[in-house]
Peer 1: 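Sharing a structure here in structure tokens format.
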Amino acid sequence: MLYQIMDGDYGGSCGGCSEDMTVEFGYEPHVLAVDDNLIDRTLVEKLLKNSSCKVTTAENGLRALEFLGLGSDERNSLEGTVSKVNLVITDYCMPGMTGYELLKKIKESSVLKEVPVVIMSSENIPTRINQCLEEGAQMFMLKPLKQSDVKQLKRHLMKYRS
């Protein structure tokens, strides 16, 4: 099942798909997939690659922030540059930093705030779903993800590239 903010409800454009990124990443969206569970992370990676996405994986929120240039030692290193990714897809329940906390950090970044973030969870908890969408998540997807979910997600992302 997929929950998403409809076009009219999303404040601003999908900046993760800017003209600069189209040139930089071509037609292969670069997705950062974050999940502490190796099996789930591998499944998401495989589904994304099957949909012609370039995929980088991280096993937790802190590693994701490091990759994105938002780690504690790199607080200001990303300012004024282009994001490395077109999309972040993250699990909600992870030790150390939840997907919700990762979402908030991304949305607080002046460079990354426009990058779409998708939250995944195996738990269908309406208050959690609403909280993530209100904080700026592009979509909330229930696990296990299927190829059709990823295809819909990619269509949604590509819609903003034109």
Side-chain angles (χ1 to χ4, degrees), residues 1-7 10 13-70 78 82-107 109 111-124 128-129 132-133 135-162:
M1 186 173 291
L2 207 69
Y3 298 89
Q4 71 184 50
I5 293 178
M6 301 312 287
D7 295 338
Y10 182 69
S13 66
C14 175
C17 315
S18 69
E19 192 67 29
D20 291 338
M21 291 195 156
T22 302
V23 171
E24 186 175 341
F25 295 108
Y27 293 103
E28 185 181 60
H30 186 184
V31 180
L32 175 60
V34 188
D35 201 314
D36 61 310
N37 182 295
L38 177 61
I39 294 170
D40 287 342
R41 192 168 63 242
T42 304
L43 173 64
V44 170
E45 180 179 19
K46 181 177 177 168
L47 291 173
L48 288 165
K49 284 183 175 179
N50 285 346
S51 289
S52 301
C53 292
K54 177 180 176 182
V55 182
T56 299
T57 60
E59 65 272 14
N60 59 49
L62 293 175
R63 292 270 193 233
L65 289 177
E66 287 173 11
F67 176 77
L68 294 169
L70 296 177
L78 192 61
V82 175
S83 170
K84 295 179 180 182
V85 298
N86 302 93
L87 174 73
V88 176
I89 184 165
T90 181
D91 185 26
Y92 182 90
C93 290
M94 295 183 292
M97 175 184 290
T98 67
Y100 177 72
E101 292 165 332
L102 176 60
L103 167 69
K104 285 174 57 172
K105 295 259 188 212
I106 291 169
K107 295 304 175 183
S109 163
V111 173
L112 297 173
K113 67 182 176 186
E114 298 296 332
V115 173
V117 178
V118 173
I119 308 284
M120 307 176 289
S121 180
S122 55
E123 300 173 319
N124 187 358
R128 178 181 293 172
I129 294 167
C132 290
L133 293 175
E135 191 63 42
Q138 193 73 22
M139 291 182 175
F140 193 101
M141 303 174 90
L142 292 178
K143 290 181 178 182
L145 294 189
K146 301 179 293 297
Q147 193 68 53
S148 59
D149 293 330
V150 174
K151 285 181 180 175
Q152 181 177 353
L153 176 63
K154 188 173 179 196
R155 276 194 308 271
H156 187 75
L157 179 62
M158 295 303 282
K159 177 168 64 171
Y160 289 102
R161 293 169 79 64
S162 52

Peer 1: What pair of heavy atoms forms the shortest contact from V117 to L87, and how long is it?
Peer 2: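 Result for this residue pair: N-CD1, 4.5 Å.
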Peer 1: Grab the two heavy atoms, one from G99 and one from M94, that are nearest each other, plus how far apart they are.
Peer 2: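 Distance-wise, the nearest heavy atoms are N-CE, 3.9 Å.
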Peer 1: Rounded at 0.5 Å granularity, tell me how far CG in L142 sits from CD1 in I129.
Peer 2: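 The distance works out to 5.5 Å.
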Peer 1: Determine, stepwise, if the pair I106 / L68 fulfils side chain to side chain contact (heavy atoms under 4.5 Å, CB included).
Peer 2: CA-CA 9 Å; I106 291 169; L68 294 169; 4.0 Å; yes
Peer 1: Between E101 and K104, is the closest basic N to carboxylate O distance under 4.0 Å?
Peer 2: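 No, no charged N to carboxylate O under 4.0 Å.
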Peer 1: Can you check whether T56 reaches H30 side chain to side chain, under 4.5 Å on heavy atoms?
Peer 2: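 Yes; the side chains approach each other to less than 4.5 Å.
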Peer 1: To the nearest 0.5 Å, what is the distance between CG (N37) and CG (D91)?
Peer 2: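 With rounding to 0.5 Å, CG (N37) is 8.0 Å from CG (D91).
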Peer 1: Give a yes or no answer on whether the side chain of K107 reaches the backbone of E135 with a donor-acceptor pair at less than 3.5 Å.
Peer 2: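 Absent.
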Peer 1: Provide the closest heavy-atom pair for P29 versus S52 in the form atom of the first, atom of the second, distance.
Peer 2: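 Residues P29 and S52, closest heavy atoms: CD-O, 3.9 Å.
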Peer 1: From L48 CG over to Q147 CD, what is the distance, rounded to the nearest 0.5 angstrom?
Peer 2: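 Output value for this atom pair is 8.5 Å.
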Peer 1: Kindly give the heavy-atom pair with the smallest separation between A33 and V55, and that separation in Å.
Peer 2: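 Residues A33 and V55, closest heavy atoms: CB-CG1, 4.3 Å.
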Peer 1: Side chain to side chain contact (heavy atoms under 4.5 Å, CB included) between L145 and L153: does it pass, once the steps are laid out?
Peer 2: CA-CA 11 Å; L145 294 189; L153 176 63; over 6 Å; no
Peer 1: Classify the ring geometry of Y92 against Y100: parallel below 30°, tilted from 30° to 60°, perpendicular beyond 60°.
Peer 2: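 Aromatic pair Y92/Y100 classed tilted.
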Peer 1: Evaluate side chain to side chain contact (heavy atoms under 4.5 Å, CB included) for V34 paired with I89, printing each intermediate quantity in order.
Peer 2: CA-CA 6 Å; V34 188; I89 184 165; over 6 Å; no
Peer 1: Are side-chain heavy atoms of K143 and D35 found at a separation under 4.5 Å?
Peer 2: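 Yes; the side chains approach each other to less than 4.5 Å.
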Peer 1: Evaluate I119 against R128 for side chain to side chain contact (heavy atoms under 4.5 Å, CB included), listing each step before the verdict.
Peer 2: CA-CA 10 Å; I119 308 284; R128 178 181 293 172; over 6 Å; no
Peer 1: Might you point out which heavy atoms bring M141 and V118 nearest each other, and give the distance in Å?
Peer 2: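 Where M141 meets V118 most closely, the heavy atoms are SD-CG1, 3.5 Å.
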Peer 1: In Å and rounded to the nearest 0.5 Å, what is the CZ to CG distance from R63 to D36?
Peer 2: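 Result: 13.5 Å between the selected atoms.
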Peer 1: Just how far is it from atom CZ of F67 to atom CG of L32, taken to the nearest 0.5 Å?
Peer 2: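 One gets 6.0 Å once the value is rounded to the nearest 0.5 Å.
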Peer 1: Enter the distance from E45:CD to C53:SG here, rounded to the nearest 0.5 Å.
Peer 2: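 Rounded to the nearest 0.5 Å, the CD-SG separation comes to 11.5 Å.
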Peer 1: Of all heavy-atom pairs between N86 and P116, which one has the smallest distance, and what is that distance?
Peer 2: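 Looking at all heavy atoms of both residues, the shortest contact is O-CD, 3.2 Å.
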Peer 1: Does the side chain of L103 reach to within under 4.5 Å of the side chain of T90, using non-hydrogen atoms?
Peer 2: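 No, their side chains stay 4.5 Å or more apart.
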